[in-house]
*Asks:* 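Dropping a structure here in structure tokens format, bear with me for questions.
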Amino acid sequence: MAPALEAQVQEEEQSLPQNNNFYNSLNDATHRSKVTVIGSGNWGSVASKLIASNTLRLASFHDEVRMWVYEETLPSGEKLTDVINRTNENVKYLPGIKLGQNVVADPDLENAVRDSNMLVFVTPHQFVEGICKRLVGKIREDAEAISLVKGMEVKMEGPCMISTLISQQLGINCSVLMGANIANEIAVEKFSEATVGYRNNREVAERWVQLFYTPYFIVTAAQDVEGVELCGTLKNVVAIAAGFLYCFVDGLEMGNNTKAAIMRLGLREMKAFSKLLFPSVKDSTFFESCGVADLITTCLGGRNRKVAEAYARNGGKRSFDELEAEMLQGQKLQGVSTASEVYEVLSHRGWLELFPLFSTVHEICSGLLPPSAIVEYSEKLPRSF
Ligand SMILES: NC(=O)c1ccc[n+]([C@@H]2O[C@H](COP(=O)([O-])OP(=O)(O)OC[C@H]3O[C@@H](n4cnc5c(N)ncnc54)[C@H](O)[C@@H]3O)[C@@H](O)[C@H]2O)c1
Ligand SMILES: O=P(O)(O)OC[C@H](O)CO
């Protein structure tokens, strides 16, 4: 690691809370926290690896980390869970990376959460509600949750953030962790940052920071659950726009400045949408890792951007589902469904004209407009903004 970063890491480690009552009680072996990771995809596996390195190191956690696996049979005929437990690798979603011997894969959801008081949700957002329904009455009453899930649901009553869904269904508090976190980079311990968003209990936020923080994964806390979560959710829609646009950039008179313009305009819509939904969202949140940094990394190297670029290259003739299956092999995109969920909110509230980028993305994804419409959108930018 570069010396400047190393110094920053040391400084941040020293600033981590050490001596408050919350930690003192947890340092008692009888109060050790037990952690379950609900999800074992690409990011779920990396999150398990990060957590497992800390639960071994810190006395206030049980060493073992349970990782719930949505079971599947591999082409070899073996169960994914069995292979993870035999090889210590998630050979399908994170091949080549050892998770840590203290990670135990478990296909039984109820068993996986038994006795755990720290629940880490990290599945594609479309599966969270079904998982929560199965967990009702099965978790500890004093459990705390954190969501690493980037996405939202739209209900009859209006938009519902995933952390709210978890809180409401399970009757527990739910924080969030979002950031510029392309999982494959963190898996090989490349330096990254993340933001924990919390509601009002700073000690709980610090506990989550402690669970995830490593010298190569710097985590800071922000008291703005909705702001942090909306950043992580909405940047996926901008990444789809970036993918469409990047397909055309080289053939047209567009360059890096154009790529940057779509990110800036996307950030503006992210901020405006977040604040319209939740006036409490703080401006400062957009400058944390969960904000501008996540937007940049996703538009540069994320799955949403790559698949959207392929969609545009094929002139919209191959569906997102088909491209997702071919390019991601079981991993899931969040941006297309999030664009649809955002569009539903915009239409319902009469805000479509306020969000031309978000609207155009959904209209392209749903086949109402051709992918080239993103170029026309971009050419109108000087007049629109
Ligand atoms: N991968 C990343 O780089 C990354 C980084 C940060 C945040 N995230 C976010 O984390 C969340 C999880 O992403 P991921 O990369 O871990 O997953 P992934 O994209 O690898 O998704 C596949 C996972 O979904 C599971 N799955 C498939 N069908 C299921 C079902 N019916 N019920 C439950 N699970 C099912 C699969 O078993 C697998 O574990 C997403 O919201 C994503 O946006 C991902
Ligand atoms: O690969 P994506 O597009 O799902 O993005 C991954 C992460 O969210 C980046 O922080």
Side-chain angles (χ1 to χ4, degrees), residues 38 119 121-136 145-178 195-200 222-241 265-283 285-286 290-291 294-295 304 332-366 368:
I38 299 167
L119 304 177
F121 284 82
V122 53
T123 67
H125 77 278
Q126 56 269 42
F127 304 129
V128 176
E129 188 163 16
I131 290 169
C132 285
K133 286 196 170 126
R134 291 171 58 195
L135 287 176
V136 172
I146 193 163
S147 171
L148 278 53
V149 180
K150 293 175 175 173
M152 64 194 279
E153 293 280 338
V154 180
K155 307 270 176 208
M156 293 281 279
E157 321 77 78
C160 178
M161 302 313 297
I162 297 298
S163 65
T164 309
L165 189 113
I166 294 169
S167 279
Q168 286 177 347
Q169 299 242 336
L170 299 178
I172 57 176
N173 182 48
C174 187
S175 308
V176 297
L177 181 143
M178 309 276 145
T195 315
V196 163
Y198 68 100
R199 203 162 293 286
N200 43 35
Q223 190 176 8
D224 185 5
V225 176
E226 284 85 11
V228 173
E229 192 169 5
L230 275 160
C231 279
T233 298
L234 297 172
K235 63 83 187 171
N236 283 333
V237 181
V238 185
I240 299 277
L265 293 161
L267 188 61
R268 271 172 60 130
E269 292 199 12
M270 285 167 59
K271 186 169 159 226
F273 185 82
S274 303
K275 283 177 168 267
L276 275 173
L277 279 192
F278 297 98
S280 62
V281 165
K282 296 175 181 166
D283 285 353
T285 300
F286 296 88
C290 63
D294 195 9
L295 179 66
N304 284 286
K332 302 282 181 202
L333 285 185
Q334 307 281 264
V336 176
S337 49
T338 303
S340 160
E341 282 139 10
V342 167
Y343 195 86
E344 208 176 319
V345 176
L346 298 181
S347 324
H348 191 252
R349 303 206 173 187
W351 294 346
L352 278 172
E353 288 192 359
L354 297 176
F355 295 91
L357 181 61
F358 286 170
S359 308
T360 303
V361 169
H362 172 66
E363 285 163 6
I364 295 174
C365 291
S366 56
L368 292 170

*Asks:* I need the full list of side chain to side chain donor-acceptor pair (under 3.5 Å) pairs touching residues 151-162, with sequence neighbours left out, sorted by first then second residue.
*Replies:*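 Qualifying pairs, neighbours excluded: Glu129-Lys155.
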*Asks:* Give, for atom CG of Leu148 and atom OG of Ser175, the distance between the pair rounded to the nearest 0.5 Å.
*Replies:*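 Spacing of CG (Leu148) from OG (Ser175) equals 11.0 Å.
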*Asks:* Quick one: CE on Met161 to OG on Ser274, what's the gap to the nearest 0.5 Å?
*Replies:*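 If we round to the nearest 0.5 Å, Met161:CE and Ser274:OG are 8.0 Å apart.
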*Asks:* Side-chain contact, heavy-atom cut-off 4.5 Å: Glu229 with Met152?
*Replies:*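 No, too far: nothing below the 4.5 Å cut-off.
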*Asks:* To the closest 0.5 Å, what do you measure between CG (Asp294) and CG (Leu267)?
*Replies:*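 The CG atom of Leu267 is 11.0 Å from CG of Asp294, to the nearest 0.5 Å.
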*Asks:* Show me the side-chain donor-acceptor pairs of residues 342-358 shorter than 3.5 Å, one per line, residues at least two apart or across chains.
*Replies:*
{"residue": "Tyr343", "atom": "OH", "partner": "Glu363", "partner atom": "OE2", "Å": "2.7"}
{"residue": "Ser347", "atom": "OG", "partner": "Tyr343", "partner atom": "O", "Å": "2.7"}
{"residue": "Trp351", "atom": "NE1", "partner": "Arg349", "partner atom": "O", "Å": "3.4"}

*Asks:* What are the two closest heavy atoms between Pro124 and Val149, and how far apart are they?
*Replies:*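 Closest approach of Pro124 to Val149, heavy atoms only: C-CG1, 4.3 Å.
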*Asks:* Which atoms form the tightest heavy-atom contact between Cys160 and Thr164, and what is the distance?
*Replies:*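 Nearest heavy atoms, Cys160 then Thr164: SG-CB, 4.1 Å.
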*Asks:* For the side chain of Ser167 and the backbone of Ile172, is there at least one donor-acceptor N/O pair under 3.5 Å apart?
*Replies:*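 Yes, Ser167 side chain to Ile172 backbone: donor-acceptor pair under 3.5 Å.
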*Asks:* Would you call Glu226-Arg199 a salt bridge at under 4.0 Å N-O?
*Replies:*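 Result for this pair is yes, salt bridge flagged.
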*Asks:* How many angstroms lie between CG in Leu135 and CD1 in Ile166, if you round to the nearest 0.5 Å?
*Replies:*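 The distance works out to 9.5 Å.
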*Asks:* Report the distance from atom OG1 of Thr338 to atom NE2 of His362, rounding to the nearest 0.5 Å.
*Replies:*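 Separation between the atoms: 12.0 Å.
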*Asks:* Taking C-beta and beyond as the side chain, do Tyr198 and Val228 meet within less than 4.5 Å on heavy atoms?
*Replies:*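 Answer no - side chains too far apart.
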*Asks:* Please report the shortest heavy-atom distance between Leu230 and Phe278, naming the atom on each side.
*Replies:*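 Result for this residue pair: CD1-CD1, 3.5 Å.
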*Asks:* Asp283 and Lys271: side-chain contact (heavy atoms from CB on, under 4.5 Å), yes or no, with the steps?
*Replies:* CA-CA 8 Å; Asp283 285 353; Lys271 186 169 159 226; 3.3 Å; yes
*Asks:* Please check if the side chain of Thr195 supplies one atom and the backbone of Cys290 the other of a donor-acceptor pair under 3.5 Å.
*Replies:*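 Between the backbone of Cys290 and the side chain of Thr195 there is a qualifying donor-acceptor contact (under 3.5 Å).
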*Asks:* Yes or no on side-chain contact (heavy atoms from CB on, under 4.5 Å) for Gln126 and Lys332, after CA distance, side-chain angles and deciding distance?
*Replies:* CA-CA 10 Å; Gln126 56 269 42; Lys332 302 282 181 202; 4.2 Å; yes
*Asks:* Which heavy atom of Ser147 sits nearest a heavy atom of Ile162, and at what distance?
*Replies:*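 In this case the closest contact between Ser147 and Ile162 is OG-CG2, 3.8 Å.
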*Asks:* Using every non-hydrogen atom in the two residues, find where Gly291 and Cys231 come nearest and quote the distance to one decimal.
*Replies:*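 Answer, listing the atom of Gly291 first, then Cys231: CA-SG, 3.8 Å.
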*Asks:* Nearest 0.5 Å, please: how far is CG in Leu177 from NZ in Lys150?
*Replies:*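 The NZ atom of Lys150 sits 8.5 Å away from the CG atom of Leu177.
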*Asks:* Look only at the side chain of Asn304 and the backbone of Ala239, and say whether a donor-acceptor pair between them is shorter than 3.5 Å.
*Replies:*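 The answer is no, because no donor-acceptor pair under 3.5 Å joins these two groups.
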*Asks:* For a 4.5 angstrom cut-off between non-hydrogen side-chain atoms, does Leu170 reach Phe121?
*Replies:*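 Side chain of Leu170 against side chain of Phe121, heavy atoms only: contact under 4.5 Å found.
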*Asks:* Heavy atoms only: give me the nearest Ser280-Asp224 pair and the separation to one decimal.
*Replies:*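 Minimum heavy-atom separation between Ser280 and Asp224: O-OD1, 4.5 Å.
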